[in-house]
Amino acid sequence: MSHWLIKSEPDVFSIDDLKKSPGRKTHWDGVRNYQARNFMRDGMKKGDLVFFYHSNCDTPGIAGIAKIVKEGYPDHTAFDPEDKHYDPSSTPGNPRWCMVDVKFERKLKRVISLAELKTFADSKLREFALLRRGNRLSVMPVSETHWRFILKLE
DNA sequence: GCCAACGTTGGC
DNA sequence: GCCAACGTTGGC
């Protein structure tokens with residue numbers, strides 16, 4: 001089983017929104033970055049656990065844990081001209097983007113802030129993709145070691 | 001294939 | 001709101 005981190009702006013969709021969603025799950029649509037897509041399409045497997053990260057907010061950080069409940073399949077929002085993430089070069093016959101379904105697992109007891117994570121950037125969390133300079137990836141892998149260490153901070 | 005222009009992300 | 005980082009686009 002692998003571990004991951006996905007980012008979301010809480011003003012748009014927070015961990016609480018996921019918890020309130022029907023069946024406590026949602027499809028993770030709108031990813032329009034090839035590296036992120038490849039992680040979703042090729043890496044994410046049913047049962048994998050995912051850190052739910054809040055970005056672009058007062059206290060950016062890891063807010064909760066979700067689980068992959070459906071593996072990669074075409075992101076239909078790319079086909080919809082009305083959708084914010086419409087991409088005319090992606091068609092049902094030849095879909096370019098994909099999504100997975102994630103389900104609420106739990107909130108962390110407290111948000112583990114980016115600021116706190118950064119204090120370990122040169123030690124326990126060296127090589128953690130989230131802390132690499134200028135990282136803008138919205139989907140990234142988390143190593144076993146890093147996953148366990150971060151959970152211990154909780 | 002190069003690279004300037006442009007758009008987006010996301011911390012601060 | 002600013003701006004650095006960086007991915008994408010498109011002219012050449």
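None of these values were measured; they are calculated from a predicted model. Chain naming here is simple, since letters A, B, ... match the order of the sequence lines and numbering starts at 1 in each.
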For atom [atom1] of [X] and atom [atom2] of [N], their distance in whole Å:
X        : N      : atom1 : atom2 : answer
A/Arg96  : C/dT8  : CZ    : P     : 10 Å
A/Glu9   : B/dG11 : CD    : C1'   : 12 Å
A/Tyr34  : B/dT8  : OH    : P     : 15 Å
A/Leu130 : B/dT9  : CG    : P     : 16 Å
A/Leu5   : B/dG10 : CG    : C1'   : 14 Å
A/Asn38  : C/dG7  : CG    : C1'   : 14 Å
A/Arg132 : C/dC6  : CZ    : C1'   : 15 Å
A/Asp58  : B/dG11 : CG    : P     : 12 Å

In terms of hydrophobic clusters joined by side-chain contacts under 4.5 Å, are A/Met99 and A/Tyr86 together? no
Earlier contact from the 5' end, DNA chain C, for A/Asn33 and A/Asn56: A/Asn56
Without hydrogens or angle criteria, can the side chains of A/Thr91 and A/Asn94 be said to hold a donor-acceptor pair below 3.5 Å? no
Think A/Tyr53 has a side-chain N or O under 4.0 angstrom from the OP1 or OP2 of B/dT9? no
Could you check which of C/dT8, B/dG10, B/dG11 has an atom nearest any side-chain atom of A/Lys7? B/dG10
Which nucleotide in the set B/dG11, C/dC6, C/dT8 lies at the smallest distance from any side-chain heavy atom of A/Arg136? C/dC6
According to the side-chain hydrogen bond (donor to acceptor under 3.5 Å, both in side chains) rule, which pairs have a member within residues 95-109 of chain A, sequence neighbours left out? A/Asp16-A/Lys107, A/Tyr34-A/Arg96, A/Tyr73-A/Asp101, A/Asp87-A/Trp97, A/Ser89-A/Arg96, A/Arg106-A/Glu154
Return yes if some donor-acceptor pair links the side-chain N/O of A/His54 with the main-chain N/O of A/Ile15 below 3.5 Å, else return no. yes
